[in-house]
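Just the heavy atoms: all of them, side chains too, but no hydrogens, waters or symmetry mates, feed the values below.
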Amino acid sequence: MAGSALMNLGSRALFANYAALQATGNNIANANTKGYSRQTVELEAAGGQFSGAGFFGKGVNVTTVARAHNVFLTREAASSRGFAAADATRSEQLKRLELVFPTGEAGVGHASGQFLNAFVDVASRPQDLAARQVVLGRAADVASRFRAAGRQLDTLQANVNSDLKAAVATVNTLAQRVADINAQITLAQGSGHQPNDLLDLRDQLISDISAQVQVTTIAANDGSMSVFIGGGQRLVLGAEASTLATMSDEYDPAKLRLALSDSSGLHPLPDNLVTGGAVAGLLRFQRVDLADARNLLGQMAVSLAAAVNTQQALGLDLGQPPGAGAPIFGTGRPLVQPSDRNALDASGNPVASYLDATGVRVPSIGLTITDSSRLRASSYEVRPDAGTPGNYLVTRQSDGQQTSVAPGGVIDGFRLDVTGPLPAPGDRFMLHPVGTAALNMQRVLDAPAGIAAASPVTASVAAGNTGTMSVAGVRAASTTLDPTLTATMSFTDDNGAYSWELRDAANTLVSSGTGAWAAGQSIDLNGFELQLNGVPRSGDSVVVAPTVYTSTNNGNARALTDLRDALMVAQPSGSGATITDAYANVMTEVGVRVQSAGISAEMSAAVARDAQASVSEKSGVNLDEEAARLIQYQQSYQAAAKMLQVAQSIFDSLLQVAAR
């Protein structure tokens, strides 16, 4: 009996230490396996057997194989990995966006400045067709660069769409694997032991999902793990996985948004609920950075084109007879996008729409640009104002400012137009006053003679003047100018006071009045601006009459040159900026975003590394420790084997005694 008991002890010890050696060997084998958690054999005493001399132990039992795991650390590592992926993705996209706004001669700002500088030669030689051709060449270059930048933004949008689709496909594959593993874990739970390798694999898959889209998890009593996204939307529930999908944006079919798909169709997920993972970074870049870049670029295109075209229209070209200057640039019509959720009529057409003169169905809500210098780099959401019937609530997307506007009202340099059937309650529209301008910008003037270099009026001083007054320049400043009228300003004292009168071609007095001039100021009359040099004396006069020789007049060319210093681009502060300064501001804005995103990416990556280090410290395999345990369990195994040898020897001795 004694030999049998000792042999039983040795057998148990041998098995227990072999199990420990096996677990240690498995740890060493998986030391570099991603997501693997260190496993440990848990032992317990087999209990004692009573005898007259006390309780004698019966050896050791293997209770289970446990993994080193901390739920909190694992969850934090997955969460921090999601935020790091979001920041890294946005930073990468912003670096690509920065290439759309190059510095130096390759930039839109330099090309715009060169175009306006080209009018200097036209002002010097207004009759020179070669100088005019240079202007047209510069104009074509400006338009080409704006279009190229617009196409680059479209390419970035296409890349975002492609990346979103790839991320969604990855998430769906991972989610289905999590669901399958949930089923396996649930079955394994019946054995009373944890399927460690399956649990490790599931944790790794959930971490991989978090790198694409942030998730939350809830463990169930059956061992399964439910996974949720977008503020509680089910992705995995037990052994069933939902399907993540992409769908067209509510307003713009060229953009994608995230959605969950089920038997009832697609259910969009609000962007603000997708807070982590590469998908969140892509959505934020698409919604904020790319949209801002498109509007900033378009704002510059519209402002430049409108300022040039407006001044061009105030001058006279080299036609026979001379005519008002035709537009040099075209930027297309502002874009209006109705929501795909707007009410439909019985024919399936949006209620708030109508057929225009060309037979194309257009939204009832529209806009007309009234002052390009006040246009903001923003889109605007419009919907009926429930608080003020008949008005419309206009929300500026760049800062969220809301304004109640009546039809025909003007906001930020454009007029809100309502034509045709009125929108139904709940209908919404997105207005893009400048968003598509860069992509559509073209030079529409081809004839060099079409450049309106001449001012429609010419100024001259009387030969009998006694002062030092001379004409510095005169130009049309408003469409109210009537070039058929002749203006005469006669100074009534030496301090700049004057009387004026306007006469028509028949020398009939049209109107008259008085005014005062001071050095550095201009005389504004009949839609023209007259700049003077020197000092007029009482009795001196200056006459502004219709231009006779347009081929030698450079008044409007000088005005076009002066656009270099015109504050034509509205800034967020409410001030204006020149076209070159506006471009510099855009480069600065994009550069700051790139730098900020890079810093955020570095910080979140550091947090993710620290979180993963904490998990590794708790669950990872330390080869030095495992090597020490290997020796420990080897020695214990050898001791147990020696115990069996002793038990065998005792048993043999007992058999020999019994045989006698």
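D271 pairs by the salt bridge (charged side-chain N to carboxylate O under 4.0 Å, His left out) definition with R287, not counting sequence neighbours. Shown here are the side chain to side chain contact (heavy atoms under 4.5 Å, CB included) partners of P448, two or more places apart in sequence or in another chain: L129, R132, Q133, L136. Every residue meeting the ring pair (Phe, Tyr, Trp, His ring centres under 6.0 Å) condition with F115, not counting sequence neighbours, appears here in chain and number order: F119, F329. Looking at residues two or more places apart in sequence or on another chain, you find a side chain to side chain contact (heavy atoms under 4.5 Å, CB included) between D340 and E250. In this structure R503 satisfies the salt bridge (charged side-chain N to carboxylate O under 4.0 Å, His left out) test together with E501, sequence neighbours excluded. Taking the side chain to side chain contact (heavy atoms under 4.5 Å, CB included) definition, one finds that A343 meets it with V351, A424, D427, sequence neighbours left out. Qualifying salt bridge (charged side-chain N to carboxylate O under 4.0 Å, His left out) partners for D345, counting only residues two or more places apart in sequence or in other chains: none. Not counting sequence neighbours, the partners of S460 by the side chain to side chain contact (heavy atoms under 4.5 Å, CB included) test are V543.
Listed by first and then second residue, the ring pair (Phe, Tyr, Trp, His ring centres under 6.0 Å) pairs that reach into residues 391-424 are Y380-F414, sequence neighbours excluded. Sorted pairs that involve residues 536-555 and meet ring pair (Phe, Tyr, Trp, His ring centres under 6.0 Å), not counting sequence neighbours, are lacking altogether. For the ring pair (Phe, Tyr, Trp, His ring centres under 6.0 Å) condition, the pairs that include at least one residue of residues 490-533, sequence neighbours left out, are F491-Y498.
For Q157 and Q286, the side-chain atoms include at least one donor-acceptor pair closer than 3.5 Å. If you check the side chains of Q571 and N585, you find a donor sitting under 3.5 Å from an acceptor. Side-chain contact check for D385 and S404: at least one donor-acceptor pair (N or O, by modelled atom type) lies under 3.5 Å. S162 and N159 share no side-chain donor-acceptor pair at under 3.5 Å. Of the N and O atoms on the side chains of S522 and Q531, not one donor lies less than 3.5 Å from an acceptor on the other residue. Checked by atom type, the side-chain pair T458/N553 shows a donor-acceptor distance below 3.5 Å. Side chains of D493 and S538: no donor on one and acceptor on the other come within 3.5 Å.
With hydrogens and angles ignored, the 3.5 Å screen pairs a side-chain donor or acceptor of N161 with a backbone N or O of A254. Side chain of S144 to backbone of A140: no donor-acceptor contact under 3.5 angstrom is found. A donor-acceptor pair under 3.5 Å links the side-chain atoms of D504 to the main chain of T508, judged by distance alone. Put simply, the side chain of D292 never gets that close to the backbone of S398: no donor and acceptor are under 3.5 Å apart. Remark: the backbone N or O of L318 is not paired with any side-chain donor or acceptor of T550 at under 3.5 angstrom. The backbone N or O of G467 lies less than 3.5 Å from a partner atom in the side chain of D540, making a donor-acceptor pair. In this structure a side-chain-to-backbone donor-acceptor pair under 3.5 Å is present from T547 to V457. Judged by distance alone, with hydrogens and angles left aside, the side-chain atoms of T310 form a donor-acceptor pair with the main-chain N or O of A306 at under 3.5 Å. At least one donor-acceptor pair under 3.5 Å links the side chain of N440 to the backbone N or O of T436. Within the 3.5 Å criterion, the main-chain N or O of L375 finds a donor-acceptor partner in the side chain of Q299.
Atom OG1 in T552 sits 8.5 Å away from atom CG in N554 (nearest 0.5 Å). For the atom pair L290 CG and R96 CZ, the distance stands at 12.0 Å (nearest 0.5 Å). One finds the OG atom of S512 at 8.5 Å from the CG atom of L502 (value rounded to the nearest 0.5 Å). Annotation: the span from Q312 atom CD to I451 atom CD1 amounts to 7.0 Å, rounded to 0.5 Å. Rounding to the nearest 0.5 Å gives a distance of 12.0 Å between CG of D252 and OG of S339. In this structure, CZ on R294 lies 7.5 Å from CG on L439, to the nearest 0.5 angstrom.
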| task | Determine, stepwise, if the pair R564 / N117 fulfils side chain to side chain donor-acceptor pair (under 3.5 Å). | result | CA-CA 7 Å; R564 294 176 301 182; N117 286 336; 2.9 Å; yes
task: Just do the side-chain contact (heavy atoms from CB on, under 4.5 Å) check on L153 and L297 with the steps written out, would you?
output: CA-CA 10 Å; L153 295 180; L297 190 67; 4.1 Å; yes
Steps toward side-chain contact (heavy atoms from CB on, under 4.5 Å) verdict (V542, L530): CA-CA 10 Å; V542 57; L530 172 65; 4.0 Å; yes
Discussion item. Between D289 and Q93, is the side chain to side chain donor-acceptor pair (under 3.5 Å) condition met? List the steps.
Written reply: CA-CA 9 Å; D289 304 309; Q93 295 294 331; over 6 Å; no
Checking salt bridge (charged side-chain N to carboxylate O under 4.0 Å, His left out) for the pair E381/R383: CA distance, chi angles, key distance, verdict? CA-CA 7 Å; E381 185 187 62; R383 64 178 185 269; 3.2 Å; yes
Evaluation steps, side-chain contact (heavy atoms from CB on, under 4.5 Å), between H110 and T580:
CA-CA 7 Å; H110 180 269; T580 53; over 6 Å; no
Original post:
Could you go step by step and tell me if I523 and E529 meet the side-chain contact (heavy atoms from CB on, under 4.5 Å) rule?
Top reply: CA-CA 6 Å; I523 296 177; E529 289 182 0; over 6 Å; no
query: Which is it for N349 and S347 under the side chain to side chain donor-acceptor pair (under 3.5 Å) test, yes or no, and what are the steps along the way?
result: CA-CA 6 Å; N349 296 316; S347 301; 4.8 Å; no
Side-chain donor-acceptor contacts of residues 358-369 below 3.5 Å, not counting sequence neighbours, with atom names and distances?
residue : atom : partner : partner atom : Å
T358    : OG1  : D356    : OD1          : 2.8
T358    : OG1  : D356    : OD2          : 3.3
R361    : NH1  : S353    : OG           : 3.0
S364    : OG   : A352    : O            : 3.2
S364    : OG   : S353    : N            : 3.2
S364    : OG   : T419    : O            : 3.2
S364    : OG   : P421    : O            : 2.6
T368    : OG1  : R415    : NH2          : 3.2
T368    : OG1  : D417    : OD2          : 2.6

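Remark: R333 CZ is loosely packed, at most 12 non-hydrogen atoms of other residues, nucleotides or ligands lying under 6.0 Å away. By the neighbour-count criterion of 12 heavy atoms within 6.0 Å, atom CZ of R284 is sparsely surrounded, having that number or fewer from other residues, nucleotides or ligands. Around CD of Q595, the count of heavy atoms belonging to other residues, nucleotides or ligands within 6.0 Å does not exceed 12.
Contact check on R145 versus D141 returns a salt bridge, with a Lys/Arg side-chain nitrogen under 4.0 Å from an Asp/Glu carboxylate oxygen. Look at D154 and R151 and you find no salt bridge, because none of the NZ, NE, NH1 or NH2 atoms lies under 4.0 Å from a carboxylate O.
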